[in-house]
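All residue numbers refer to positions in the sequence shown, counting from 1.
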Amino acid sequence: MQLEFPKRPSKFLQPCVDALVAFRGPIRVGDSVAVDLGPKGFTGKYTIEIQSTASLTFESDYESDDATWFPARIKAAAQALFKTDNYGRFVIEHSDGELQITRIASA
């Protein structure tokens, strides 16, 4: 499903950007980057694809008739990947405030 990056500023965006900048090397070689976003939030695990030519949207394996239910924390992480020039496929997982971002190796 094609989803839009957040239109309004998200308080989750900057912590994700900071983590991706701090761990630029590890994320590029497939290691996970952890981001503490504080308690709560929807639990979920999604595969997403960030393309350098798509500044407003990203692709996800999310399946729903209502895209507004896609987790805001994972959407912010996807936008942070784009803003830090991390393109390709990733798994983003969130549980109780802890976000994990992992690059999927190209075939």
Sequence neighbours left out, what passes side chain to side chain donor-acceptor pair (under 3.5 Å) with [X]? Give chain and number order.
X: Gln2; value: Thr57
X: Glu93; value: none
X: Asp66; value: Thr68, Trp69
X: Ser32; value: Thr102

Hydrophobic cluster membership, with links at side-chain heavy-atom distances under 4.5 Å among I/L/V/M/F/W/Y: are [X] and [Y] in one?
X: Ile74; Y: Tyr87; answer: yes
X: Phe90; Y: Phe82; answer: yes
X: Ile50; Y: Ile27; answer: yes

(request) Evaluate the side-chain proximity of Leu81 to Ile48: yes if any heavy-atom separation is below 4.5 Å, no if none is. (result)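 Contact flag for Ile48/Leu81 side chains = yes.
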(message) With a 4.5 Å cut-off on side-chain heavy atoms, are Phe58 and Lys75 touching?
(response)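 Touching, per the 4.5 Å side-chain cut-off.
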(request) Give me the one residue out of Asp18, Ile101, Val35, Val33 that meets side-chain contact (heavy atoms from CB on, under 4.5 Å) with Phe23. (result)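 The side-chain contact (heavy atoms from CB on, under 4.5 Å) with Phe23 is passed solely by Val33 among Asp18, Ile101, Val35, Val33.
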(message) Strictly by ring pair (Phe, Tyr, Trp, His ring centres under 6.0 Å), give each pair with a member in residues 33-55 just once, sequence neighbours left out.
(response)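 For residues 33-55: Tyr46-Tyr62, Tyr46-Phe70.
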Nearest atoms (heavy-atom pairs only) where [X] meets [Y]:
X: Asp96; Y: Thr43; result: N-OG1, 4.4 Å
X: Pro15; Y: Leu37; result: CB-CD2, 3.8 Å
X: Ala77; Y: Ile92; result: CB-CD1, 3.9 Å

Under the side-chain contact (heavy atoms from CB on, under 4.5 Å) test, which residues partner [X], sequence neighbours left out?
X: Ala67; value: Met1, Leu3
X: Arg28; value: Arg24, Asp85, Asn86, Arg103
X: Asp31; value: Pro26, Val29
X: Asp65; value: none

(request) To the nearest 0.5 Å, tell me how far Lys45 NZ sits from His94 NE2. (result)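 So the gap between those two atoms works out to 14.5 Å.
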Side-chain donor-acceptor pairs of residues 4-12 under 3.5 Å, sequence neighbours excluded:
| from | atom 1 | to | atom 2 | distance (Å) |
| --- | --- | --- | --- | --- |
| Glu4 | OE1 | Lys7 | NZ | 2.7 |
| Ser10 | OG | Phe12 | N | 3.1 |

(request) State whether the side chain of Arg73 and the backbone N or O of Leu99 hold a donor-acceptor pair below 3.5 Å, judged by distance alone. (result)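 Pair absent, no side-chain N/O of Arg73 close to backbone of Leu99.
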